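The next block holds one structure in the form of structure tokens; read it before the comments.
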Amino acid sequence: MGKQVVAVKLLPSPEQAAALERTLRAANEAASWVSTVAFARGLPREYALRQHTYSELKERGLGSQIAQLVIKKTCHAYATIAGLIKAGRLQGKRAVKATAKPVVFRPEAAQAFDDRCLSWQMDARAGSAEFASPVTPTSSRPWSGTARASRTWFSAAASGT
């Protein structure tokens with residue numbers, strides 16, 4: 001059977017909503033740190049950047065797939081800037097400003113999740129996702145690393161076919 005695409009609306013409990021928010025903030029904080037590494041080392045490619053950041057992301061508690069998606073998100077941000085410059089849509093002072101410092105991700109910026117970090121029980125109208133749970137930072141690294149991977153089930157309602 002092929003993949004089935006279904007639009008869903010998450011119906012998390014207040015605790016689960018807080019966990020989703022922590023996960024989003026942790027992922028974007030990690031993406032900003034990865035961006036700093038990419039900028040400092042001049043690593044626009046995903047494979048090279050992964051070699052320098054993946055183990056740190058895992059050590060700080062992000063799940064494997066979320067860590068991969070954070071690295072990919074960062075690379076795509078730099079590729080977008082390069083593409084805009086190449087296409088002539090980002091020129092002059094704006095191009096200089098865009099390339100003069102690392103990309104910074106807003107705490108509430110969108111974060112991709114794919115089928116490797118989401119699970120569904122269609123009959124029960126429920127799903128699970130990798131969430132971040134708060135932990136005490138264990139070092140003085142550049143980002144706080146307030147994430148630990150855990151899986152939590154939440155309710156979901158299909159919104160049409």
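Bear in mind that the values here come from a model prediction, so they are computed numbers and not experimental data. Position 1 is the first residue of the sequence; numbering continues from there.
- Tyr54 and Gln68 make their closest contact through CE1-NE2, 3.5 Å (heavy atoms, listed as atom of the first residue, atom of the second, distance).
- Separating the NZ atom in Lys73 from the CD1 atom in Ile71 is a distance of 13.0 Å, to the nearest 0.5 Å.
- The distance from the OG atom of Ser64 to the CG atom of Leu69 is 10.5 Å, given to the nearest 0.5 Å.
- Judged by distance alone, the side chain of Asn28 and the main-chain N or O of Phe105 form no donor-acceptor pair under 3.5 Å.
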- Assess whether side-chain contact (heavy atoms from CB on, under 4.5 Å) is satisfied between Ile66 and Thr23, documenting all intermediate values. CA-CA 9 Å; Ile66 293 175; Thr23 301; 4.3 Å; yes
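- Distance alone, capped at 3.5 Å, places no donor-acceptor pair between the Ser35 side chain and the Ala31 backbone.
- Nearest heavy atom pair, residue Pro102 against residue Tyr78, reads CA-OH, 3.2 Å.
- The nearest pair of heavy atoms linking Ala110 to Leu24 is C-CD1, 4.3 Å.
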- Let me see the working for Trp33 and Val70 under side-chain contact (heavy atoms from CB on, under 4.5 Å), right down to the final yes or no. CA-CA 10 Å; Trp33 175 77; Val70 161; over 6 Å; no
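- Val103 is not connected to Val37 by any chain of hydrophobic side-chain contacts under 4.5 Å among Ile, Leu, Val, Met, Phe, Trp and Tyr, and they are in different clusters.
- To the nearest 0.5 angstrom, Leu84 atom CG is 11.0 Å from Gln91 atom CD.
- The minimum heavy-atom distance linking Arg25 with Pro107 is given by the pair NH1-CB, 3.1 Å.
- With rounding to the nearest 0.5 Å, the separation of CG in Leu49 from CZ in Phe39 is 13.5 Å.
- Distance check: Glu46 CD to Thr53 OG1 gives 9.5 Å after rounding to the nearest 0.5 Å.
- Considering Arg50, Arg45, Gln51 as possible partners of Tyr47, the one that fulfils the side chain to side chain donor-acceptor pair (under 3.5 Å) test is Gln51.
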- Query: Are Ile85 and Thr99 close enough, and set up right, to give a side-chain contact (heavy atoms from CB on, under 4.5 Å), and what steps lead you there?
  - Reply: CA-CA 10 Å; Ile85 291 171; Thr99 58; 3.6 Å; yes
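- Across all non-hydrogen atoms, the minimal contact from Ala48 to Leu43 is CB-CD2, 3.9 Å.
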